[in-house]
Structures are given as structure tokens and as C-alpha cells.
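See below for the structure under consideration.
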Amino acid sequence: MQRIVVIGGGWSGVAAAVRAAAAGLEVILCEKTDLLLGLGNVGGIMRNNGRFTATEENIALGADELFEITDRLATHRNVDFPGHEHAAFYDVALVEPEVRRLLKRLGVELRFMTRITDVRKEGEKRLAAVITADGEELEADAFVETTGSSGPMGNCLRYGNGCSMCVLRCPAFGPRVSIAERAGLTDIMACKANGTRGAFSGSCKLDKRTLSRKLRRKLEKDGVAVVPLPERLINREKLARKVCRQYALDPYAENLILIDTGYAKLMTSYFNLEDLRQVEGFENARFIDPYAGGKGNSVRYMAVGLRDDYMRARGFENFFLGGEKSGFFIGHTEAITTGSLAGYNAAAQVLGGALLRLPESLATGDLLAFANAALEEENALDRRFTFAGGEYFARMKERGLYLTDPRLIRKRVEAEGLCDVYKRPPDVIK
Ligand SMILES: Cc1cc2nc3c(=O)[nH]c(=O)nc-3n(C[C@H](O)[C@H](O)[C@H](O)COP(=O)(O)OP(=O)(O)OC[C@H]3O[C@@H](n4cnc5c(N)ncnc54)[C@H](O)[C@@H]3O)c2cc1C
């Protein structure tokens, strides 16, 4: 049987596995920790701003399975909060087991605590196998790398405020390894506005039980709570160090903004605990993730691979990239978008079908082409791309790509002849 190995089980790896399994291939997904979803176990914000359009485009293209789960397990829908409209929040505690069940139903072989550390090549353009930290060789016809861009711990020590004990748990499960670099490619690293490497993840999880009853009630009723900070606790400088350009807005420095994702998601990279507890409602506050959220957060965009618009690693035939590994993309929706295309094209490559390139008339296709072209520009390493805000959402609006009516979005996909393309066997599209 023809086989695909996916390395990394975050949202992008999971999406790649879903698409390759749906195309009828044997799929092995290797994840170094004991959980799927990687950074998707924190976060939870979906459908905000242009992510609404991208979600509906993916659904129309046939990549609906993961969005069905995040929509069904939403704690709140259609919420507006500073700088963002019509957001939905998924319950970060409940989505992972549901995704795990989906992959098992699709027949994906899940290998947890399986860290890939090397590759075996077959000539210059093909991978023959990947090698686990235990020395096992996993051969396949095509490979998708979705190992993300955070960690290992050394990067957080060097470019952040030290290991903050985040959801990826490098000390317990071992460091991320760049498979693209093991294959001979050179990754690129992001820079912060001040020129230092990487960028800080932009939010933390608080235990809701440690908030005042009044604040917790408001959060659970509205999905959002905005609590003004006293002047002495406002730190605008932190905004420039964040990954998330879509939240680098004044209200995120002037207020504590909480979002209900099952936990209380605090929309700031980190916040000194002693200071936080001086704010009304937060007197007993306690961080859940990162565990040391009073001091820092994970550092991201440390190992981004170069790829073409088919998501193929540059110069390779059977090696594909997705998620944060495939560009300076921020977000679950962005990871699912890139991972789905990478998984589908890996299957197409194995089955002898034509590879799919999403057209620029769709936001999903435009993002991929735009992010690639941006790498040629001068300030390339300081840019991040998300449908949810910053420069890419502005571009969506300018180019008329931002739509919020699912019927119109489907029509646009239909006009390209791409409705349910992801559900069609890739080998019939020649
Ligand atoms: C605190 C925080 C809050 C966020 N909030 C939101 C939000 O609300 N909404 C939103 O859309 N986005 C949010 N994001 C961003 C979003 O989570 C990420 O951009 C996206 O989930 C990245 O997915 P990924 O699959 O590319 O990478 P990751 O999630 O990093 O997944 C990579 C996976 O690969 C595994 N891995 C790494 N190396 C190896 C190896 N050698 N072998 C095997 N496995 C390996 C890792 O353990 C991990 O599971 C947030 C991010 C953070 C950190």
C-alpha cells in the first residue's frame, strides 16, 4: 500500500493526515508528545475577521471535518472583541480527544512519543525514510513535515525570558527537530521589531476558578471580558514583541482582555503575577499555560522552511511542508489551510495525480502565494501572515476577498471548479 508519513501532530499535521487518509492512502502520524494539536491546545479563537472567509472556503473545498469539530465544540459563537468580529471560541480541553477519535476513524496510525530526528534520502530530490529518536526507520512514498516553529527550550532561553513551561513541554518530550534541515535545506528565522530572533506567543491560559465570581460570570455569559488596567501596569512595549500582529493594538496594552475557551484566555504574552493580582477580579489568578506565564511565553518562528505554492519543500518531489513550518503563518485556521493542501498534494504526488494550487481569487490561495512572494522583500523576517488581522487581513479587504456570507464564498469556490476538490481522488485530476 502507498504510505505517507506526517511528522508533527499540530493542527497542520492533523489536517494533512485527514486529507491523505481521505485520499485512500496509509497514513502514519508521528507526534513527539502525548497530545495531538500542539499549540491548538491553547488558543481556540476561530472565525475572527478573515478567518471566517478562510474557514468557509476550506469547507467548500471539502476540508470540512476539522471545522465541524471546532464549530460543534464552540463555547461561544459570533462574538466581537477589540479589533475582531464574529469570532467563535472552541473549548481547548475538549477538542483534542475529538480530533483523535476522528483520525482513528479515518484509519490514521497515530504514533505518540515518536520524535523524528533524521531522514534517509534517495538521491537529491526525494526522501526515502524518516528516523525516530529510537533509531526506527519509517519508509514512505511521501512525507509531510508539520513540526511547527516553537522551541526547543534553548531558543526560549536565548531569545525569550527562559523556558516558560508551555504546552509543548520540550523538557519532557525532547526538542523539536527541523526535518527540512536534516534533509539539507536551510530554514529561516523570524525577527522581532527590535531585531532579536523569534517572537513571543501572544496569550496565556488562566484557571477560571481563580477569577472573582463576578468576572467569571461575565466571561461565561459574553465569551469576552475587557478589564481596564491602571496606568502604572500598562506596558505598550510588550506589543512589539508579540507574534500576533492582529492583537498588537492599544486596547491589548490598556486592558486585560479575557476570552472564554473553557479556560480564561488572557490576551497578553505574559503578565507579572504579583501585578496581575492587584487588578480587581484577579486577586487569586493563576496561570495554567504557560505554567510560568508570569514571566514569559514560548518563542516562535525559529525554523520556517521554504516551499512552493503546492506546499512542496523547495527542490523536493515527495516532501511537503505545512503550518508554521511552511511560512510565517499565525493561527489554527492557517495551519489547517496549509496542512490540508500539503496532505492532499502529498497524496496526489504518490497517486500520480496533478498537484493542486489554490487560485489567488480565493483568500486561501492568495495567502499562500502572497506569503511566498513576501519572502523576497527586504523586511521579510519581521512579517507574519494571518487572515485575522495585520497586513494580510487589510489585503483581503482591499482585494475584495473578505466575505462573510457562506453562500457567496461557496459560489466563488464553485466558479473555480473546486467545490469538494479535497473529497475527489487526487489521481483523477490529471
Ligand atoms: C499561546 C498561544 C495562543 C494561540 N492562540 C490562537 C488562537 O486563539 N487562534 C488561532 O487561530 N491561533 C492561535 N495560536 C497560533 C496557533 O496555535 C498556531 O499558529 C498553529 O496552531 C500552529 O500549528 P502547527 O501545526 O503549524 O504547529 P504546532 O502546533 O507547533 O504543532 C507542531 C507539532 O509537531 C510536534 N513536533 C515537533 N517536532 C517534532 C518531531 N521532531 N517529531 C515529531 N513531532 C514533532 C510538536 O510536538 C507539535 O505537536 C496561538 C498560539 C499560541 C502559542
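Atoms within a ligand are numbered from 1 in the order they appear, just like the ligands themselves. Not measured: the values here are computed from a predicted model.
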Aromatic ring pairing F52/H86, orientation class (parallel under 30°, perpendicular over 60°, tilted between): perpendicular
N or O contact, L39 vs ligand 1, cut-off under 3.5 Å: yes
Aromatic plane relationship, H84 with F81 - under 30° parallel, 30 to 60° tilted, over 60° perpendicular: parallel
Per-residue contact class, K325 against ligand 1 - non-hydrogen pairs under 4.0 Å: neither
Geometric N/O contact R176 with ligand 1, under 3.5 angstrom: no
Ring centres under 6.0 angstrom apart (Y422, Y344): yes
Ligand 1 contact on T114 by region, counting heavy-atom pairs under 4.0 Å: backbone
Sub-4.0 Å atoms of ligand 1 with respect to non-hydrogen atoms of R300: 15 (C), 19 (O), 51 (C), 52 (C), 53 (C)
Contact check, K205 vs ligand 1, heavy-atom distance below 4.0 Å: no
S12 and ligand 1 - part of the residue with a heavy-atom distance under 4.0 Å: both
Residues I257, V226; criterion side-chain contact (heavy atoms from CB on, under 4.5 Å); working and verdict: CA-CA 5 Å; I257 300 184; V226 179; 4.3 Å; yes
Region of M46 engaging ligand 1 - heavy atom pairs below 4.0 Å: neither
Residue C30 vicinity, atoms of ligand 1 by number, heavy atom under 4.0 Å: 43 (C), 44 (N)
T147 and ligand 1 - part of the residue with a heavy-atom distance under 4.0 Å: both
Axial cation check for F370 ring with R399, 6.0 Å and 45° limits: no
Geometric class of the W11/H332 ring pair [parallel <30°, tilted 30-60°, perpendicular >60°]: tilted
Test item, L37 contacting ligand 1 (heavy atom, 4.0 angstrom): yes
T333 N/O to ligand 1 N/O under 3.5 Å: no
Numbered atoms and elements of ligand 1 in range of V177, under 4.0 angstrom, heavy atoms: 38 (N), 41 (N)
Evaluation steps, side-chain contact (heavy atoms from CB on, under 4.5 Å), between Y301 and R197: CA-CA 8 Å; Y301 303 99; R197 299 285 188 196; over 6 Å; no
Atoms of ligand 1, numbered as shown, that sit under 4.0 Å from any heavy atom of S201: 53 (C)
Polar contact flag for I179 and ligand 1 (N/O pairs, less than 3.5 Å): no
